[in-house]
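Reading through the structure tokens given below for one structure.
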Amino acid sequence: MRFSFKLLTIILLTSSLILPTSILAAEGDNENFSLTIMHMNDTHAHVEPLPRMLTAINEVRAEEPEALLFHGGDVFSGTLYFNQYKGKADLALLNMMGFDAWYLEIMSLTSVQARMVINP
């Protein structure tokens, strides 16, 4: 049976969110809480929607400062713009978003463009 790295990452990430709340609940703390999770994936180097996403993320965080932001992967590929500028615009906008967790898929690690972005 083959176990994928992406599935393992999802399981570990989910466990890291659930287990701490289970421990707090077990301590007898009956206070309710709210958890806001924002997620995106498969942006494929399309920078056009990123400024709108950044605005939406900032609006949510203004009301929910503890909101979590995740990216599910497939970032560094897909456009000639990315190939030309080595993903620098993508990373600048994504870094402004302040992700709490990001799945960096194998395809990005092995692509020449991603290596140029990660190690300029």
Side-chain angles (χ1 to χ4, degrees):
M1 176 181 202
R2 208 171 137 195
F3 198 73
S4 76
F5 182 73
K6 190 170 187 174
L7 180 60
L8 178 62
T9 303
I10 292 168
I11 291 169
L12 291 175
L13 183 59
T14 304
S15 298
S16 69
L17 292 173
I18 293 171
L19 291 177
T21 57
S22 300
I23 292 169
L24 289 175
E27 292 177 357
D29 187 4
N30 293 328
E31 186 176 324
N32 292 329
F33 71 94
S34 174
L35 176 63
T36 301
I37 298 176
M38 298 175 282
H39 171 266
M40 69 175 72
N41 63 285
D42 296 311
T43 50
H44 292 286
H46 292 282
V47 297
E48 303 86 7
L50 294 182
R52 288 191 312 270
M53 290 178 178
L54 178 59
T55 299
I57 290 165
N58 289 337
E59 288 173 356
V60 169
R61 285 192 168 148
E63 292 186 26
E64 300 286 338
E66 301 297 321
L68 300 174
L69 177 61
F70 303 130
H71 199 300
D74 287 336
V75 178
F76 300 118
S77 64
T79 67
L80 293 174
Y81 183 83
F82 178 85
N83 293 341
Q84 177 67 32
Y85 298 104
K86 313 294 187 249
K88 291 182 181 178
D90 309 56
L91 274 183
L93 287 164
L94 292 169
N95 282 334
M96 287 181 200
M97 294 178 183
F99 285 92
D100 295 291
W102 184 332
Y103 176 75
L104 187 59
E105 68 279 354
I106 299 301
M107 187 173 79
S108 288
L109 291 173
T110 58
S111 82
V112 173
Q113 294 90 352
R115 277 188 249 141
M116 289 179 186
V117 171
I118 294 169
N119 299 311

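Because the structure is predicted, anything quoted here is derived from the model rather than measured.
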* Asked: What closest approach, in Å, do Arg61 and Met97 show between heavy atoms, and which atom pair accounts for it?
  -> NH1-O, 2.6 Å
* Closest approach of His39 to Asn41 (non-hydrogen atoms, all atoms of both residues) -> CE1-OD1, 2.8 Å
* Asked: Checking side chain to side chain contact (heavy atoms under 4.5 Å, CB included) for the pair Leu54/Glu59: CA distance, chi angles, key distance, verdict?
  -> CA-CA 9 Å; Leu54 178 59; Glu59 288 173 356; over 6 Å; no
* Beyond-backbone contact of Met96 with Leu91, side-chain heavy atoms, under 4.5 angstrom -> no
Contacts table for residues 65-73: side-chain donor-acceptor under 3.5 angstrom, sequence neighbours left out:
from	atom 1	to	atom 2	distance (Å)
His71	ND1	Gly73	N	3.0
His71	NE2	Thr43	OG1	3.3

* Nearest-0.5 Å distance that lies between atom CD1 in Ile57 and atom CZ in Arg52 -> 12.5 Å
